[in-house]
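Here it is, the structure in full.
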Amino acid sequence: MLRVGAVLFVALLLAAVVLPAAGTSPEAAAGGGADGPAAQQVDANATDTDGDGLADPLERSVYETDPTDPDTDGDGYPDGMEVRCEGVVPGADPLRTDIYVEVDSTQAATLSDPVQGAIVETFADAPVSNPDGSTGIDIHLVADDTDLPVNGTVYSKRRAGPGNDIYDFRANHSEYRSDGYYYLLVTDDVAYNGDDYYVGAGRPGIAAMERYNSTTVTASLFMHEFGHAMGLDAHQDGIDEKRYSRAEYDSVMNYNGLYRQLSYSNGTDSVGRDEWEFVAQNRTQPELQCVENGTCASRCVQA
Ligand SMILES: [Ca+2]
Ligand SMILES: [Ca+2]
Ligand SMILES: [Ca+2]
Ligand SMILES: [Ca+2]
């Protein structure tokens, strides 16, 4: 929180000092859309100090991003990519935390609309702040393949043979792996470390889960396994345990909260870990290969 505030202050200070020299109108300084009149008034070929694919004047007077920080909102996607790569990160906002998840399924259907809606709403309600002054996180669930062939139980660790562990599916079916997306597989039977008793499993950047008729149960299981994919690890106090009541540890990562709630903890319970802040600032992020030399790769449309 402090870091974001400091960055924002520096950005505002820079804008206040430099804007008059850049010759932009007050209207442009107040910000505008990519296609607004402000975009035509600035030199898009001017210096790009932070190498994020956006020239300094564009950052200052059009997008209100930090010309000295390639990733103003710290979500792993460079400012230029968020503004210009609509085909890769649709709906991205350079001033709000965005998380992208590719969802594949071995079943005929992907996660239902009510389940997706519940997940999106839970992230939107996250008690974390963004550089634009808003709160919440925008999670983008991108449903891709369905009816993928599967060889029995899907393990969360590698095992011999095709189509029987989550890494097989990511290796063969992920469309967005190089674009910094998490990968989630919906399937009939999941085994954690080979133990068939479990119904879901999450590893850094990747997760697999079963699905239920109940929206709450399915969405809660997603939040739990995806929490693991973001780095909420089982060795931390209370995670994957029943040691604490929900009042003592108010999180879907608590086995007493799993299937009953969707949200992570905010640090005000007796365990005292702010999991939402961790998700916003320090989560495990998938590899991003889309950007080259700070600009969008060929598959990204240049605005
Ligand atoms: Ca820049
Ligand atoms: Ca920047
Ligand atoms: Ca960003
Ligand atoms: Ca963003």
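Values in this document were obtained by computation on a predicted structure and should not be read as measured data.
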Between L141 and V252, is there a shared hydrophobic cluster once you connect ILVMFWY residues whose side-chain heavy atoms come closer than 4.5 Å?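 Result: yes, single cluster for both.
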Donor-acceptor side-chain pairing of E275 and Y249 below 3.5 angstrom: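 Yes, Y249 and E275 have a side-chain donor paired with an acceptor closer than 3.5 Å.
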Regarding T153 and D189, is there a side-chain donor-to-acceptor distance under 3.5 Å anywhere?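 On atom types as modelled, these side chains qualify, holding a pair under 3.5 Å.
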Shortest non-hydrogen contact from P78 to L288?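 Looks like CD-CD2, 3.7 Å.
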Could you please spell out the steps behind the side chain to side chain contact (heavy atoms under 4.5 Å, CB included) verdict for D73 and N130? CA-CA 7 Å; D73 59 12; N130 294 291; 5.5 Å; no
May I ask you to test the S265-N254 pair for a side-chain heavy-atom distance under 4.5 Å?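 Of all side-chain heavy-atom pairs linking N254 with S265, none is under 4.5 Å.
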Partner of Q107 by side chain to side chain donor-acceptor pair (under 3.5 Å), out of T146, D188, D147: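 Exactly one candidate clears the test, D188.
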Is the closest side-chain donor-acceptor distance between E59 and T65 under 3.5 Å?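 E59 vs T65: donor-acceptor pair found between side chains.
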How far apart are the closest heavy atoms of R177 and R170, and which atoms are they?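 Minimum heavy-atom contact is NH2-NH2, 3.3 Å.
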Considering non-hydrogen atoms only, spot the tightest contact between Y264 and F226 and give its length.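 Closest heavy-atom pair between Y264 and F226: OH-C, 4.1 Å.
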If you define the side chain from C-beta out and look only at heavy atoms, does anything of Y259 sit under 4.5 Å from V199?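 Yes, close enough: below the 4.5 Å cut-off.
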Heavy-atom pair with the smallest gap, counting every atom of A234 and D240: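 A234 and D240 have their closest heavy atoms at CB-OD2, 3.6 Å.
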Answer yes or no: is there a side-chain heavy-atom contact under 4.5 Å between H224 and Y255?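 The answer is yes, as the side chains (C-beta and beyond) meet within the 4.5 Å cut-off.
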Shortest non-hydrogen contact between E102 and D144, atoms and distance: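 Reported closest heavy-atom pair: OE2-OD2, 3.2 Å.
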If I take atom CD from residue E277 and atom CG from residue N266, how far apart are they, to the nearest 0.5 angstrom?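 Atom-to-atom, E277:CD and N266:CG are 10.5 Å apart.
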Evaluate Y100 against Y176 for ring pair (Phe, Tyr, Trp, His ring centres under 6.0 Å), listing each step before the verdict. CA-CA 9 Å; Y100 288 84; Y176 304 97; 8.8 Å; no
Can you check whether F169 reaches I206 side chain to side chain, under 4.5 Å on heavy atoms?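 A side-chain contact under 4.5 Å is absent here.
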Can any side-chain N or O of R211 pair as donor or acceptor with the backbone N or O of S112 at less than 3.5 Å?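 Answer holds: no.
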Drop me the distance from L258's CG to L221's CG, to the nearest 0.5 angstrom.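 Those atoms lie 6.0 Å apart.
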Between CD of E210 and CG of L185, what distance do you get to the nearest 0.5 Å?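 If I round to the nearest 0.5 Å, the distance is 11.0 Å.
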Heavy-atom donor-acceptor pair, D269 side chain to V271 backbone, under 3.5 Å: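 Yes.
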Any donor-acceptor pair under 3.5 Å linking the side-chain atoms of D98 with those of H140?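 Side-chain D/A pair, H140 to D98: present.
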Any non-hydrogen side-chain atom of D71 less than 4.5 Å from a side-chain atom of D52?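 A side-chain contact under 4.5 Å is absent here.
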Evaluate the side-chain proximity of T72 to E82: yes if any heavy-atom separation is below 4.5 Å, no if none is.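 The answer is no; the side chains never approach within 4.5 Å.
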Closest non-hydrogen atom pair, A208 against I166: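 Of all heavy-atom pairs spanning A208 and I166, the closest is CB-CG2, 3.2 Å.
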Would N256 and Y244 satisfy side chain to side chain contact (heavy atoms under 4.5 Å, CB included), going step by step from the backbone distance to the final call? CA-CA 8 Å; N256 287 317; Y244 302 108; 5.7 Å; no
Can you tell me how far apart CZ (F222) and CD (Q116) are? Round to the nearest 0.5 Å.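 It comes to 9.0 Å.
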For the atom pair CG (D132) and CG (D93), what is the distance rounded to the nearest 0.5 Å?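 Result: 6.0 Å between the selected atoms.
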4.5 Å side-chain heavy-atom contact, I239 and H228: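 Yes, close enough: below the 4.5 Å cut-off.
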Could you state the interatomic distance from CG (L54) to CE (M81), rounded to the nearest 0.5 Å?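 The distance works out to 12.5 Å.
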I137 reachable from L95 in the ILVMFWY side-chain graph, under 4.5 Å edges: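 Looking at the clustering, I137 is in a separate group from L95.
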Side chains of D104 and Y183: does their closest heavy-atom pair fall under 4.5 Å?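 In contact.
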Check for me, please, whether V150 and Y192 land in the same ILVMFWY cluster - side-chain distances under 4.5 Å, paths through other members count.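 No: no chain of side-chain contacts under 4.5 Å links V150 to Y192.
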Following the transitive rule for hydrophobic clusters with a side-chain heavy-atom cut-off under 4.5 Å over Ile, Leu, Val, Met, Phe, Trp and Tyr, establish whether V103 and V190 coincide in one cluster.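 No, separate clusters.
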Is it the case that one hydrophobic cluster holds both Y212 and L184, taking links as side-chain heavy atoms less than 4.5 Å apart, direct or via other members?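 The answer is yes; both residues are in one hydrophobic cluster.
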Side-chain donor-acceptor pair under 3.5 Å between D250 and Q261, yes or no?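 Present: a donor and an acceptor within the cut-off.
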